Every structure is written in structure tokens, then in C-alpha cells.
**Student:** 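Please read through the structure below; I'll follow up with questions.
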Amino acid sequence: MSWLRPLALWGALRLGPAAQAGRPLLIEDAGVNEPGSGHVEAWFERTADGNRVWTVSPAYAPLPQLEIAAALAHAGQAPHTLGRLQVKWQINPPQDERCFHALVLAAAHERRPSASSQAFNAVMSCPIGPGALHLNAGANWPAQGRAAPFVGVAWEQPLRPVTAHIEWLAARRARPVFNLGLRTTLTAGGLQLDGSIGRSGGRTLFSVGIKQPF
């Protein structure tokens with residue numbers, strides 16, 4: 001889950017639409033839920049600046065190739081609350097092991113201090129062998145100040161009974177983030193447990209969370 005003021009508040013929400021990516025990825029993938037279905041993600045993270053953040057993020061697909069998501073994050077130390085609304089349009093669905101693409105638009109608002117921003121992200125996901133490559137390129141536009149472009153790349157690899165990933169993110173006026181993560185499905189209903197650990201500016205960040213489809 002993200003895009004408000006890169007590196008001004010917390011890691012996953014600073015660099016891209018990570019809160020809305022498939023947990024525990026920080027960047028976005030080009031996948032969407034099936035029409036009429038969705039999921040809820042919830043996670044705790046410690047960011048590179050030492051903040052401890054709780055986030056809840058539901059997502060739902062009302063139409064084919066269209067997904068709407070929201071996120072509410074609270075950083076307890078400072079304290080900060082941030083809300084975001086995101087729309088993802090999948091340009092072409094996955095087919096025949098070809099790359100597929102999506103466009104993401106988001107708007108975020110932070111309280112204390114009050115600040116808003118908008119963001120755009122172009123996403124490409126490519127099945128390659130047993131894994132998948134995800135590429136992001138976009139920008140965040142604060143209400144005041146210059147746009148902050150960002151890029152990200154991630155590789156996902158199934159390693160039964162878990163799926164692992166490695167990713168790298170960079171944004172203007174921000175230190176790059178290097179991140180590793182694992183996820184696994186716990187129940188027949190699709191309940192997922194996931195976690196990640198990373199580095200940014202010589203500091204360690206981590207997260208642990210769950211995801212439940214509906």
C-alpha cells in the first residue's frame with residue numbers, strides 16, 4: 001500500500017502503491033480480483049525511520065479488469081493517520097504467458113499535519129518460467145512541491161509451501177529500499193500469512209500481515 005510524500009512518513013506508503021500490492025510486496029503488480037470478489041489485508045510494520053505503523057486495506061473488483069482499493073494507516077509514535085483511495089485498471093488480462101499491464105491512480109490524505117497528494121503508476125507483470133517479474137514506474141504529486149518520480153522492480157518465486165520475493169524501489173528525494181518477503185496460504189478459504197524484511201539508508205524495516213479473500 002503508497003504515495004504520500006515519498007519518505008516523509010513511512011516506508012511502504014512513501015514509495016509507491018505498495019499497500020495495495022499483493023502482500024508482502026511493497027510495489028504493485030498488474031493483477032486484479034475477479035469481478036464481484038475482493039480481499040482485505042492488514043499488517044504491522046516498522047519503517048526505516050523507526051515508525052510503527054498499523055494498516056488495514058480492503059479491495060474489491062466491481063467490474064472485469066477494474067479494482068478499487070482503500071487503505072487506512074496509523075503510525076503510533078508521531079501519531080499520524082493516512083487514508084488513501086486507489087483505482088487500478090488492468091489494460092490486458094494475463095494470457096498465454098505474456099506480459100500484462102495496469103494503470104493505477106490514487107489520492108491520499110494525511111492528518112496532523114494535513115497534507116494531500118495524488119499519484120500515478122504504470123505497472124507491468126511478466127510470467128517468466130516458474131516466477132514472475134513486476135515493474136513499476138510513476139510519480140507522486142504533493143499538493144505543494146515538485147513531483148517525485150519513483151521506480152520499482154520485483155521478482156516472485158514459488159518455493160513450496162511458500163512464495164518468496166525480492167524487490168528494489170527508488171524515488172526522488174528518498175533513499176532506495178531493498179526488501180525480501182515470504183507468503184503462505186493457511187486455510188482452504190485462502191487466509192494468507194506474510195512477512196518481509198528490508199533495508200533503507202542503513203536501517204532495517206520489517207512487516208508482518210494477513211490477507212483474507214472474500
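As the structure is a computational prediction, the values presented were derived from the model and not from experiment.
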**Student:** Okay, side chain of Lys211, backbone of Pro24: is any donor-acceptor separation there less than 3.5 Å?
**Tutor:** no
**Student:** Run the side chain to side chain contact (heavy atoms under 4.5 Å, CB included) test on Val153 and Leu133 for me, step by step, so that the C-alpha distance in whole Å, both residues' side-chain angles and the decisive distance to 0.1 Å come before the verdict.
**Tutor:** CA-CA 7 Å; Val153 57; Leu133 177 70; 3.8 Å; yes
**Student:** Who else is in Leu159's hydrophobic cluster (ILVMFWY, side-chain heavy atoms under 4.5 Å, direct or via others)?
**Tutor:** Val162, Leu182
**Student:** Check whether any side-chain heavy atom of Thr163 sits under 4.5 Å from a side-chain heavy atom of Asp194, and report yes or no.
**Tutor:** no
**Student:** Taking the side chain from Ser125 and the backbone from Asp29, do they hold a donor-acceptor pair closer than 3.5 Å?
**Tutor:** no
**Student:** Is any side-chain heavy atom of Trp43 closer than 4.5 Å to one of Glu45?
**Tutor:** yes
**Student:** Which atom names give the shortest non-hydrogen contact between Pro213 and Gly189, and what distance separates them?
**Tutor:** CD-O, 3.9 Å
**Student:** Considering non-hydrogen atoms only, spot the tightest contact between Phe150 and Ala139 and give its length.
**Tutor:** CE2-N, 3.4 Å
**Student:** Taking a hydrophobic cluster as the set of Ile, Leu, Val, Met, Phe, Trp and Tyr residues connected by side-chain heavy atoms closer than 4.5 Å, whether directly or through intermediates, do Met124 and Ile128 fall within one such cluster?
**Tutor:** yes
**Student:** Using the rule given for side chain to side chain contact (heavy atoms under 4.5 Å, CB included), can you reason through Arg173 versus Arg146, listing the C-alpha separation, both sets of side-chain angles and the distance that settles it, and then say yes or no?
**Tutor:** CA-CA 10 Å; Arg173 303 187 298 276; Arg146 295 185 300 167; 4.0 Å; yes
**Student:** Sub-3.5 Å donor-acceptor pair from the side chain of Arg46 to the main-chain atoms of Thr204, do we have one?
**Tutor:** yes
**Student:** Within the distance-only criterion (no hydrogens, no angle test), does the side chain of Asp96 pair as donor or acceptor with the backbone N or O of Arg98 below 3.5 angstrom?
**Tutor:** no
**Student:** Between Phe178 and Leu135, is there shared hydrophobic-cluster membership here, with clusters defined by ILVMFWY side-chain heavy atoms closer than 4.5 Å?
**Tutor:** yes
**Student:** Answer yes or no: is there a donor N or O on one side and an acceptor on the other, between the side chain of Thr185 and the main chain of Gln192, under 3.5 Å?
**Tutor:** no
**Student:** Determine, stepwise, if the pair Val123 / Lys88 fulfils side chain to side chain contact (heavy atoms under 4.5 Å, CB included).
**Tutor:** CA-CA 10 Å; Val123 185; Lys88 186 200 297 191; over 6 Å; no
**Student:** Check whether Glu167 reaches the backbone of Ile27 with its side chain - one donor and one acceptor, N or O, closer than 3.5 Å.
**Tutor:** yes
**Student:** Is the backbone N or O of Ala106 less than 3.5 Å from a side-chain atom of Gln86, with the two atoms forming a donor-acceptor pair by type?
**Tutor:** no
**Student:** If you measure from CH2 on Trp141 to OG on Ser116, what distance do you get to the nearest 0.5 Å?
**Tutor:** 15.5 Å
**Student:** Kindly write out the residues that satisfy ring pair (Phe, Tyr, Trp, His ring centres under 6.0 Å) with Phe44, not counting sequence neighbours, or none if the list is empty.
**Tutor:** Trp54
**Student:** Can you give me the closest heavy-atom contact between Ala122 and Phe120, atom names plus distance?
**Tutor:** N-CE2, 4.1 Å
**Student:** Side chains of Asn140 and Ser117: is there a donor and an acceptor less than 3.5 Å apart?
**Tutor:** yes
**Student:** What distance separates Thr81 OG1 from His109 NE2, expressed to the nearest 0.5 Å?
**Tutor:** 10.0 Å
**Student:** Consider only side-chain heavy atoms of I, L, V, M, F, W and Y, link residues closer than 4.5 Å, and tell whether Trp168 and Ile166 are in one cluster.
**Tutor:** yes
**Student:** Taking all non-hydrogen atoms of both residues, which atom of Tyr60 and which atom of Ser37 are closest, and how far apart?
**Tutor:** CD1-O, 3.5 Å
**Student:** Test your reading of the model: is there a side-chain donor-acceptor pair from Ser200 to the backbone of Pro176, 3.5 Å cut-off?
**Tutor:** yes
**Student:** If you take all heavy atoms of Ala75 and Asn51, which pair is closest and at what distance?
**Tutor:** CB-OD1, 3.8 Å
**Student:** Set out, in order, the CA-CA distance, both residues' side-chain angles and the distance that settles side chain to side chain contact (heavy atoms under 4.5 Å, CB included) for Trp89 and Leu105, then state yes or no.
**Tutor:** CA-CA 9 Å; Trp89 172 47; Leu105 297 175; over 6 Å; no
**Student:** Might you point out which heavy atoms bring Arg172 and Ala147 nearest each other, and give the distance in Å?
**Tutor:** NH1-O, 3.4 Å
**Student:** Rounded at 0.5 Å granularity, tell me how far CD1 in Ile210 sits from CG in Leu186.
**Tutor:** 9.5 Å
**Student:** Looking at Asn179 and Leu25, would you say the former's side chain and the latter's main chain have a donor-acceptor pair under 3.5 Å?
**Tutor:** no
**Student:** Between Glu41 and Arg23 (side chain of the first, backbone of the second, donor and acceptor by atom type, cut-off under 3.5 Å), is there such a pair?
**Tutor:** yes
**Student:** Could you check Asn33 against Glu67 for side-chain hydrogen bond (donor to acceptor under 3.5 Å, both in side chains), going step by step and ending with a plain yes or no?
**Tutor:** CA-CA 7 Å; Asn33 286 301; Glu67 184 178 274; 2.8 Å; yes
**Student:** Out of Gln90, Gln95, Gln65, which one pairs with Phe100 under the side chain to side chain contact (heavy atoms under 4.5 Å, CB included) rule?
**Tutor:** Gln90
